[in-house]
Visitor: 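Quick one: the structure is below, and I'll ask about it shortly.
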There are 2 protein chains.
Amino acid sequence: MKLDISLVKKFALFAEMADGDIEAMLSHAVSRRIAAGDAVFEQGAPATHFFLLLNGRLKVSQVTPQGQQIIVRMVNPGDLFGIAKALQRSDYPGTALCVSEAVALCWPMELWSQMISQNPQLAATALTTIGQRLQEAHTRIREISTEEVERRVAHAVLRLSEQAGRAEGAGVRIDFPITRQDIAEMTGTTLHTVSRILSAWEGRGLVSGGRQKLLVRDVAGLKALAENEKMG
Amino acid sequence: MKLDISLVKKFALFAEMADGDIEAMLSHAVSRRIAAGDAVFEQGAPATHFFLLLNGRLKVSQVTPQGQQIIVRMVNPGDLFGIAKALQRSDYPGTALCVSEAVALCWPMELWSQMISQNPQLAATALTTIGQRLQEAHTRIREISTEEVERRVAHAVLRLSEQAGRAEGAGVRIDFPITRQDIAEMTGTTLHTVSRILSAWEGRGLVSGGRQKLLVRDVAGLKALAENEKMG
DNA sequence: GGCTTTCGTTGATGAATCGCAAATAAATCC
DNA sequence: GGATTTATTTGCGATTCATCAACGAAAGCC
């Protein structure tokens, strides 16, 4: 793929950057196509590159020493990922798996420090990126610690519909294949419980499901369920 | 208190910094003494300052819309805190409460951007600080999602003993007043459950308790409990 | 020193949700 | 198109843990 400034300027990282700086960054980048199901990098592997997702979706997961898996986050177009250096790590802390056909820009990790110091905008973006992830992580901790499963699932589904939703009829379709197991790993529960909850919601007309599919039919209803202490 | 380079150089933030830069930073700083029980800042208040803890301990907590409280983290000497600007926030996301007599350096938040851009070492420290917090947050998410309560409490207590432990006899004393409720808010459970768990541990000689006191008597035993899938 | 407040312990009960098992259904592979 | 794999649904029993309740003990306050 040809790397073109006009093509990438819509992404937050580049939006505020001077054209010269963008060109400098792009000149070191390689674009890479990733097929659904492929891993961009694996947990524990030496961190050789950092990335910017141009389109498609990835999920970043970790496996615990006991072999259980959790989904750390979804990566959406425009997101930096694999920036292990910013966390002062030499290996990737998680595995990045492509869930829908993606294209990413790749830079060798050696360039990270250099680019950071030469490019204040990149440094600022990296800092805010990580800052936002930290806040999301705290939100998640708060939810897992204090809310019961149904509300956690509601929050997770709403978040998905905001970050990766496409309008469909009166509702919002989650724009990539997602399993009950995925949702379970995002909310700290089991696929069985997620399945039961979604079934119940489907009965109430809040969502409609399908294999690896999810359509939120009643966003307001789900929000009420997520926010309100107890529904009447 | 007189601000002196030799006094602060032991802290990670200043360790790698040139003397001139340290002086420049200190020249804008005010040191502040905080009594146990006082709040340095409160959740939702406009973020007017950022801080470096010189000594003492703080706990940062958040209250949920439903009024439940969680402890986001403990602040130890040498830690930056209240750096809302780095998270692109104009208010403090949590409340910082002093648990043992503390001294902190304070800078007006307006200086943040300026100091960051003039001082690459501060930028780097801020980035790694937040990066480490992010990793801790992910660890916590993993634990709450996949582990049962007793092991989460074990991990939390071990972490406390590492970060704020003082050798005492064969064991490690947590060096500040801590309640069962605090531990519950760090692990996403209730004070009742924590109390039961600590009582059981005390019976097995792993810890010994007391009002707002905690002594880990058998670090290795606790570690085994925290790590192993199931004990024999 | 007595009173009040905060903190801790422990038992009993029940609800949330996990784990297991078995059946169904959709997609994929030759 | 049948066989296989991967997802999903659902019932039921087991278990963990929160909740309610009551009491005991330590620390702070006049």
Side-chain angles (χ1 to χ4, degrees), chain A residues 35-37 59 66-71 97 99-100 143-154 156-157 174 176-185 187-204 207-215 225 229-231, chain B residues 35-37 59 64 66-71 97 99-100 143-154 156-157 174 176-204 207-215 225 229-231:
Chain A
K59 64 178 178 192
Q66 284 80 35
Q68 292 153 108
Q69 193 168 217
I70 65 157
I71 293 185
L97 201 72
V99 291
S100 74
E143 286 177 6
I144 306 190
S145 301
T146 65
E147 294 177 358
E148 44 189 44
V149 174
E150 186 174 21
R151 294 180 59 198
R152 303 207 300 262
V153 174
V157 169
I174 308 300
F176 56 85
I178 184 164
T179 66
R180 309 292 184 258
Q181 177 74 39
D182 288 333
I183 298 176
E185 288 172 9
T187 50
T189 178
T190 62
L191 88 159
H192 307 276
T193 301
V194 171
S195 179
R196 280 179 244 271
I197 288 172
L198 291 185
S199 294
W201 289 355
E202 190 149 12
R204 291 163 56 184
V207 302
S208 65
R211 189 194 171 89
Q212 301 199 343
K213 282 181 183 42
L214 191 54
L215 172 68
L225 215 164
E229 186 125 8
K230 276 277 188 289
M231 298 268 297
Chain B
K59 63 178 178 191
T64 69
Q66 284 82 34
Q68 292 152 106
Q69 193 167 218
I70 65 156
I71 293 185
L97 201 72
V99 291
S100 74
E143 286 176 6
I144 306 190
S145 301
T146 65
E147 294 176 358
E148 42 190 45
V149 174
E150 185 173 22
R151 292 180 60 199
R152 303 208 301 263
V153 174
V157 169
I174 308 299
F176 56 85
I178 184 162
T179 66
R180 307 293 184 255
Q181 177 73 38
D182 289 332
I183 297 176
E185 287 172 12
M186 294 190 290
T187 51
T189 181
T190 62
L191 86 159
H192 306 276
T193 301
V194 171
S195 179
R196 278 179 242 273
I197 289 172
L198 291 184
S199 293
W201 289 354
E202 190 149 12
R204 292 163 56 187
V207 303
S208 65
R211 189 190 172 89
Q212 300 196 343
K213 283 180 183 42
L214 190 55
L215 172 68
L225 215 164
E229 186 126 8
K230 276 276 188 292
M231 296 269 296

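We name chains A, B, ... by the order of the sequence lines, and we start the count at 1 in each one. Both backbone and side-chain heavy atoms feed into the values below; hydrogens, waters and symmetry mates do not.
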Visitor: Within the distance-only criterion (no hydrogens, no angle test), does the side chain of B:Q69 pair as donor or acceptor with the backbone N or O of B:E185 below 3.5 angstrom?
Guide: no

Visitor: Rounding to an integer number of Å, can you tell me how far B:Q181 CD sits from D:dT19 P?
Guide: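 In whole Å, D:dT19 P and B:Q181 CD are 11 Å from each other.
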
Visitor: Please check the phosphate of D:dA18 (OP1 and OP2 only) for any side-chain N or O of B:T193 closer than 4.0 Å.
Guide: yes

Visitor: Please report, rounded to the nearest Å, how far the P atom of C:dT17 is from the CD1 atom of B:I144.
Guide: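 The answer, rounded to whole Å, is 15 Å.
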
Visitor: Looking at A:R196 and C:dG19, is any side-chain donor or acceptor paired with a base atom of the opposite kind under 3.5 Å?
Guide: yes

Visitor: Expressed as a whole number of angstroms, how long is the span from A:L214:CG to D:dA7:P?
Guide: 16 Å

Visitor: Which sits closer to the 5' end of DNA chain C, A:K213 or A:E150, going by the nucleotide each is nearest to?
Guide: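 So the residue in question is A:E150.
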
Visitor: May I ask you to evaluate whether A:S195 reaches the phosphate of D:dT9, defined as a side-chain N or O under 4.0 Å from OP1 or OP2?
Guide: yes

Visitor: Any side-chain to backbone donor/acceptor pair from B:T189 onto B:T193? Under 3.5 Å, distance only.
Guide: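 It does not hold such a pair.
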
Visitor: Write down the distance between CD1 (B:I183) and P (C:dC7), rounded to a whole number of angstrom.
Guide: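 B:I183 atom CD1 is separated from C:dC7 atom P by 13 Å.
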
Visitor: Return no unless some side-chain N or O of B:T190 is found under 4.0 Å from OP1 or OP2 of D:dA18.
Guide: yes

Visitor: Nearest whole Å is fine: how far is D:dT6 C1' from A:Q212 CD?
Guide: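 The answer, rounded to whole Å, is 8 Å.
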
Visitor: Give a yes or no on whether the backbone of A:E147 and the side-chain of A:R152 come within a donor-acceptor separation of less than 3.5 Å.
Guide: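 Looks like yes, one N/O pair under 3.5 Å.
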
Visitor: For a quick test of reading the model: is some side-chain N or O of B:R180 closer than 4.0 Å to OP1 or OP2 of C:dT9?
Guide: yes

Visitor: Starting from P on D:dT10, measure out to CG on A:L191 and report it in whole angstrom.
Guide: 13 Å

Visitor: State whether B:T189 places a side-chain N or O below 4.0 Å from either non-bridging phosphate oxygen (OP1 or OP2) of D:dC17.
Guide: no

Visitor: Between A:S199 (side chain) and A:S195 (backbone), is there a donor-acceptor pair under 3.5 Å?
Guide: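 Between the backbone of A:S195 and the side chain of A:S199 there is a qualifying donor-acceptor contact (under 3.5 Å).
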
Visitor: Report yes if a donor N or O on one partner sits less than 3.5 Å from an acceptor N or O on the other, where the partners are the side chain of B:H192 and the base of C:dT10; otherwise report no.
Guide: yes

Visitor: A:R211 CZ to C:dT24 P: how many Å, rounded?
Guide: 17 Å

Visitor: Among D:dT10, C:dG8, D:dT8, find the nucleotide with the atom closest to the side chain of A:S199.
Guide: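 Per side-chain heavy atoms of A:S199, the pick is D:dT10.
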
Visitor: Nearest whole angstrom, please: distance from the P of C:dG8 to the CD of B:E202.
Guide: 12 Å

Visitor: Checking side chain to side chain contact (heavy atoms under 4.5 Å, CB included) for the pair A:F176/A:Q212: CA distance, chi angles, key distance, verdict?
Guide: CA-CA 8 Å; A:F176 56 85; A:Q212 301 199 343; over 6 Å; no

